[in-house]
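What follows is a single structure, written as structure tokens, with notes after it.
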Amino acid sequence: MALTYASYLKIDELLSLQLPRSDPPEHDETLFIIIHQTYELWFKQTLHELDRLRDDLSANRLYESLATLKRVRMILKTIVAQLDILETMTPMSFASFRSRLDTASGFQSMQFRELEFLLGFKRAEMMRYYPPDTPGYAAVQRRLNGRTLVDHLYDFLAHQGARIGPELRERDVTQPVQPSPALQDELLRIYQTRPDVVLLLELLMDIDEGLQEWRYRHVKIVERTIGAKQGTGGSLGVEFLKKSLFQPVFADLWAIRVRL
């Protein structure tokens, strides 16, 4: 049989994956499912791109890194914009099928946890919420024990002549990335002398800002929909989500703004 658009993209299988649990189906449950399935696809693509970026940074490939960062920036803009669609669902519409979600919760998104860990927001204590047989558990554990994107940025900066001290190169990668005054001095010098590298650093700022925008919008849509109620499936809800607000990925890049 000849390859077709439908067979290449497995359209039949794809369109069979939206299965509302409400009976009769509540109208907005289909939207809810499609939005979240789409998020998981974008998370998969973002991880795919950031893994390439990680390798390109360590190999000192500047222009390839720039291209990947531009793509990731656009993905983040897209997933933030999708919240505008989800906000057309009223709290009453969500309440009409919320109980059918049972123990399911966005808190359980293993790919988003992978993204957090890859970007340096390491929290080993999060693993206690996921049984080891949870699909995706091994991948998240690998991210927890692996180097972050910031660690690979250190490799790139060292290639560019920056002095990256052993406290950064030999740090415990299972711990969150912490700001470094010594690194900030090196970054300031790069900003003053290397406009080509500054292009990359500013794209990293775009990624950081885009992720923080998504977190903020996500918190507000949850708060708007369920208020201070416990999260779906018994998850920790709005107050837990607020704890991750304004947590920068590239803290040193933010810290030097006052000195530029």
Side-chain angles (χ1 to χ4, degrees), residues 9 14 17-18 28 30-57 61-90 94 106-121 143 148-150 152-153 156 177 187 191 195-225 238 241-257 260:
L9 296 178
L14 179 64
L17 297 177
Q18 294 74 48
D28 279 358
T30 297
L31 171 66
F32 187 82
I33 292 170
I34 288 174
I35 287 287
H36 287 83
Q37 287 179 340
T38 304
Y39 273 134
E40 290 298 326
L41 290 172
W42 282 128
F43 292 160
K44 179 176 181 178
Q45 184 65 33
T46 302
L47 286 165
H48 181 64
E49 299 295 342
L50 291 181
D51 281 339
R52 177 171 183 170
L53 175 63
R54 174 194 64 188
D55 295 342
D56 283 340
L57 287 173
R61 294 191 283 260
L62 172 61
Y63 295 107
E64 293 86 345
S65 297
L66 292 173
T68 300
L69 281 167
K70 289 177 181 178
R71 179 175 294 173
V72 173
R73 178 178 63 182
M74 293 309 300
I75 292 172
L76 287 172
K77 289 181 180 294
T78 299
I79 67 172
V80 170
Q82 285 183 187
L83 289 170
D84 292 336
I85 305 171
L86 192 58
E87 281 188 332
T88 65
M89 182 180 68
T90 67
F94 181 55
F107 177 80
Q108 297 162 341
S109 172
M110 302 305 278
Q111 287 198 117
F112 188 73
R113 205 64 64 208
E114 278 194 74
L115 274 172
E116 286 192 325
F117 288 176
L118 176 57
L119 291 170
F121 192 32
R143 299 289 186 185
T148 72
L149 189 64
V150 179
H152 291 274
L153 177 62
F156 174 80
V177 174
L187 289 170
Y191 266 85
D196 54 338
V197 177
V198 169
L199 290 174
L200 182 140
L201 298 178
E202 287 298 291
L203 280 170
L204 290 174
M205 290 289 287
D206 289 345
I207 301 304
D208 203 336
E209 190 172 343
L211 182 63
Q212 291 186 49
E213 183 181 5
W214 187 85
R215 287 191 187 279
Y216 176 77
R217 287 289 309 277
H218 182 226
V219 166
K220 298 311 292 184
I221 196 170
V222 171
E223 190 171 34
R224 177 175 175 171
T225 304
V238 169
L241 294 174
K242 284 182 176 179
K243 292 179 181 178
S244 63
L245 287 177
F246 311 117
Q247 294 283 345
V249 174
F250 305 104
D252 293 303
L253 289 175
W254 289 96
I256 64 171
R257 301 290 116 176
L260 293 177

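Atoms considered below: every heavy atom in the structure, side chains included; atoms not considered: hydrogens, waters and symmetry mates. Just so it is clear, the structure is predicted and the values come from calculations on it, not from any experiment.
Of all heavy-atom pairs spanning Gly120 and Thr148, the tightest one is CA-CG2, 3.6 Å. Scanning both residues, Met205 and Leu253, for their nearest heavy atoms gives SD-CB, 3.4 Å.
Under the 4.5 Å side-chain criterion, counting only non-hydrogen atoms from C-beta, Arg217 is in contact with Glu87. Side-chain contact between Val219 and Tyr216 is absent, with no heavy atoms from C-beta onward closer than 4.5 Å. Between Leu83 and Trp214 there is a side-chain heavy-atom pair separated by less than 4.5 Å. Contact annotation: the side chain of Thr46 never approaches that of Leu76 to less than 4.5 Å [non-hydrogen atoms, C-beta and beyond]. Side-chain contact between Asp252 and Val177 is absent, with no heavy-atom pair separated by less than 4.5 Å. Proximity of Leu200 to Leu153: side-chain heavy atoms (C-beta onward) are separated by under 4.5 Å at one or more points.
More than 12 heavy atoms of other residues, nucleotides or ligands shown are found within 6.0 angstrom of CZ on Phe112. Shown here is His48, whose NE2 atom has no more than 12 heavy atoms of other residues, nucleotides or ligands within 6.0 Å. No more than 12 heavy-atom neighbours from other residues, nucleotides or ligands sit within 6.0 angstrom of CZ on Arg52.
Ring centroid separation for the pair Phe32 and His36 comes in under the 6.0 Å cut-off.
Classification of Glu202 and Lys70 as a salt-bridged pair fails, no side-chain N sitting under 4.0 Å from a carboxylate O. With salt bridges taken as basic N to acidic carboxylate O contacts below 4.0 Å, none links Arg61 and Asp55.
Remark: the backbone N or O of Met89 is not paired with any side-chain donor or acceptor of Asp28 at under 3.5 angstrom.
Just one residue in the list Val249, Val72, Leu69 forms a side chain to side chain contact (heavy atoms under 4.5 Å, CB included) with Leu204, and that residue is Leu69.
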